[in-house]
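Inspection log for the structure reproduced underneath, given as structure tokens.
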Amino acid sequence: MNNWTLFLLSSICLSHVCAYKILVVFPYPGTSHSILGEGYVRHLLRAGHQVTYLTAIPYKKPHPNLKQVVVASVVEKFEFFKTLDFEKFISKEVDLTDMQVMYETMITVANRSLTHENIQKFLMDTNEKYDLVVAEWLYHHLYSGFAAIYNCPYVWSSSMEPHTAVLSLIDEPGNPAYFPDHMSPVSPPLTFSQRAYELYYLFYLRRVLWSIRGLEQKTYEEVFGPAAAKRGITLPTLEEVKYNSSLMFGNSHISSGDPQRLPINHIPIAGYHIQDVVPALPENLQKIMDEAPYGVIYFSMGSMMKSSTMPTKLKRDFLDVFGTLKETVIWKLEEELTDVPKNVIMVKWAPQPSILAHPNCKLFVTHGGLLSTTETIHYGVPIIGIPLFADQFINVMRAVRKGFALQVDLGYDTPANLKVAIEEIVSNPKYTQKVKDLSFIYHHRETKPGHTLVHWIEHVIETNGAPHLRSPALHMPFYQKMYLDLLGIVLLGLIVLIKAVQILLRLAKKSDVKKKRS
Ligand SMILES: *[C@@H]1O[C@H](CO)[C@@H](O)[C@H](O)[C@H]1NC(C)=O
Ligand SMILES: *[C@@H]1O[C@H](CO)[C@@H](O)[C@H](O)[C@H]1NC(C)=O
């Protein structure tokens, strides 16, 4: 065999050995979650792997190495999405910070996706084999079941900054004294009552997780039971599987989050969803942004809340306020409005990263979703946050604390308050300077987040689930961590000692009395 054929053979082998089959599980029917799922798909395909993608929002022209299992029709059936309504948020009728409701809702949503015929058909196909599963964590643990079915390692993907519920899956909860929960709009140093509340919250969260265990296990068995039976394997319990991930990717980074102590297998990769090359703006927007004499303010409340649920008065008031500004405003809203002021451009869909990347973009008015806060740091644009639900409050609060944002609460007075906030940010350069500084920290990494992602996924596969990364804290009982057993022994020892001294004293007294008598 000459060198040339050897080279050819080895490169063929290499490409075979290195091309893994990876299942990316992101069927939650929300645009931002699909953007995060697509990030994994894109980087893994580029690294030469075979990817299967469970999604509600499929690619129209998929890559040849990509197979999609689509659960699109799930979206319309959801009561849950009807709760995402501006009016209900303003009247505080919906409260998405209630963790019990959050977990139960998300289990139901996941169950709908997982019992969808396409996913069930896919699960029953015994030809499907995988080297690794990427499972999204979103207030339930059901997607880890795929790893049990394919008997392969899996990694969690968390769409937020690290917090107690996700860290408990790979290590242990953070200390509540300086690690407030992701729903708490407080930041260290905490006052006495804040610390007490955070400790209470830790127990509250435990109780919630305990109370949903039955529902989650039942759902898990219904979803994965038939597939396990068909493969002739005993399905491990969800309790066993959910703590068995090799690592967790966090859509997080120190530039947007807090300096936390993290276990070695929490890998922060915020920004991996952003394309390396900024896609070109559509021609009309490019022209508007190039020519805006006083710069552009971009306004978007994300994709989850449909603008049709925004009260008409609120929309009108926003337009009136924008009309008084000298800046050009690009407002992303899924409907047409009449009597739009000259400096306001309404768009039904916005290429958000490309708008933020434009040097003329002065300010981003956002709901403060983590994708938006990441993108704004990526491109260095200050924000005004109008948080609506979930982690948006804490994202906006962090941004305010970091000094590149102002917060305006949702209500009928939002437009008036927004005007004051806009005037402050465009007239005071400190917000822009701050976000540029953070943008430097964000970009100043050893490797790009997409490379980090691929590296660690390959690492887990090539080390059979990376057992060397698992934290010893994960399976250690609480009483051992807190040394309650030692405390018990010491207390017992003290009691024995005191008793012994008492007995000795009594004996001494008795013999004293005897001596005197004799
Ligand atoms: C846990 O993961 C390891 C490695 O990925 C695997 O070998 C083992 O079977 C898994 N255990 C359970 C209970 O799923
Ligand atoms: C999951 O969804 C299926 C139908 O899609 C339903 O029959 C089943 O009762 C649900 N399971 C749970 C635990 O809610």
Side-chain angles (χ1 to χ4, degrees), residues 20-23 25 27-29 54 56 69-81 100-124 129-135 137-157 169-171 211-229 231-249 263-265 267 456-472 474-475:
Y20 294 118
K21 285 202 71 180
I22 296 164
L23 176 65
V25 187
Y28 180 81
L54 307 195
V69 179
V70 184
V71 288
S73 61
V74 130
V75 187
E76 301 85 56
K77 295 187 197 140
F78 271 117
E79 283 302 312
F80 173 62
F81 290 93
Q100 183 83 30
V101 176
M102 190 72 146
Y103 274 91
E104 280 169 8
T105 308
M106 288 305 169
I107 292 170
T108 315
V109 175
N111 178 47
R112 291 274 183 95
S113 304
L114 294 172
T115 50
H116 188 280
E117 56 175 341
N118 289 354
I119 289 197
Q120 281 301 316
K121 214 161 69 202
F122 169 74
L123 272 168
M124 295 306 273
K129 292 190 173 60
Y130 290 94
D131 297 306
L132 181 125
V133 172
V134 181
W137 180 92
L138 199 63
Y139 301 100
H140 70 82
H141 313 92
L142 292 167
Y143 301 159
S144 61
F146 287 97
I149 294 301
Y150 301 115
N151 190 23
C152 67
Y154 79 97
V155 300
W156 283 121
S157 168
L169 290 173
I170 52 169
D171 185 44
S211 72
I212 54 115
R213 264 167 52 135
L215 172 69
E216 209 182 11
Q217 173 68 25
K218 181 164 169 279
T219 313
Y220 167 81
E221 280 165 18
E222 279 174 15
V223 168
F224 297 106
R231 284 179 165 72
I233 54 176
T234 15
L235 191 66
T237 63
L238 181 59
E239 217 40 36
E240 288 172 278
V241 177
K242 76 181 192 191
Y243 291 111
N244 199 29
S245 73
S246 298
L247 54 83
M248 173 171 283
F249 287 117
I264 200 88
N265 59 348
I267 316 285
W456 283 105
I457 284 184
E458 290 174 352
H459 183 83
V460 167
I461 299 175
E462 280 156 25
T463 61
N464 299 319
H468 55 283
L469 296 180
R470 315 262 171 128
S471 165
L474 185 58
H475 292 298

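Given the structure is predicted, the values throughout are model-derived calculations rather than measurements. Remember, it's 1-based here, ligands and their atoms both numbered in the order they're listed. We're numbering straight along the sequence, starting at 1.
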For the residue pair Y103 and W137, categorise the inter-ring angle as parallel (less than 30°), tilted (30 to 60°) or perpendicular (more than 60°).
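Ring orientation, 0 to 90° scale: perpendicular.
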Please verify the inter-ring angle class for Y154 with W156; under 30° counts as parallel, over 60° as perpendicular, anything in between as tilted.
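Rings of Y154 and W156: perpendicular, as their planes differ by over 60°.
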So which heavy atom in the protein is nearest [atom], and how far is it from that ligand atom?
atom                   : answer
atom 9 (O) of ligand 1 : N151 OD1, 4.2 Å
atom 4 (C) of ligand 2 : T115 OG1, 3.8 Å
atom 8 (C) of ligand 2 : E222 OE1, 3.5 Å

Residue pair S246 / L469: nearest heavy atoms and the distance that separates them:
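That closest heavy-atom pairing would be O-CB, 4.3 Å.
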Short list, please: which atoms of ligand 2 are under 4.0 Å from a heavy atom of T219?
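Near T219, meaning under 4.0 Å from one of its heavy atoms, ligand 2 has 13 (C).
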Atoms in ligand 2 flagged as close to K218, the criterion being non-hydrogen separation under 4.0 Å
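Listed by number with element, the hits are 13 (C).
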Would you check if the side chain of Q217 reaches a backbone N or O of T237 as a donor-acceptor pair within less than 3.5 Å?
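No.
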Are Y130 and Y20, when compared by the centres of their aromatic rings, separated by less than 6.0 Å?
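Ring centroids of Y130 and Y20 are no less than 6.0 Å from each other.
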Any chance you could measure E221, atom CD, to T219, atom OG1, to the nearest 0.5 Å?
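Here the rounded value is 9.5 Å.
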Contacting atoms of ligand 1, where contact means under 4.0 angstrom from a heavy atom of P153
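With P153 as reference, the close atoms of ligand 1 come out as 5 (O).
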I233 atom CD1, neighbour heavy-atom count above 12 within 6.0 Å:
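For I233, atom CD1 is crowded (more than 12 foreign heavy atoms under 6.0 Å).
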Report yes if N244 has an N/O atom closer than 3.5 Å to an N/O atom of ligand 1; otherwise report no.
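Yes, since at least one N or O of N244 sits under 3.5 Å from an N or O of ligand 1.
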For ligand 2 and N111, I'd like to know whether there is a polar contact (N/O to N/O, distance under 3.5 Å).
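Yes; the residue has a nitrogen or oxygen that sits under 3.5 Å from a nitrogen or oxygen of the ligand.
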Can you find a non-hydrogen atom of R112 under 4.0 Å from ligand 2?
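Outside the 4.0 Å threshold, so no.
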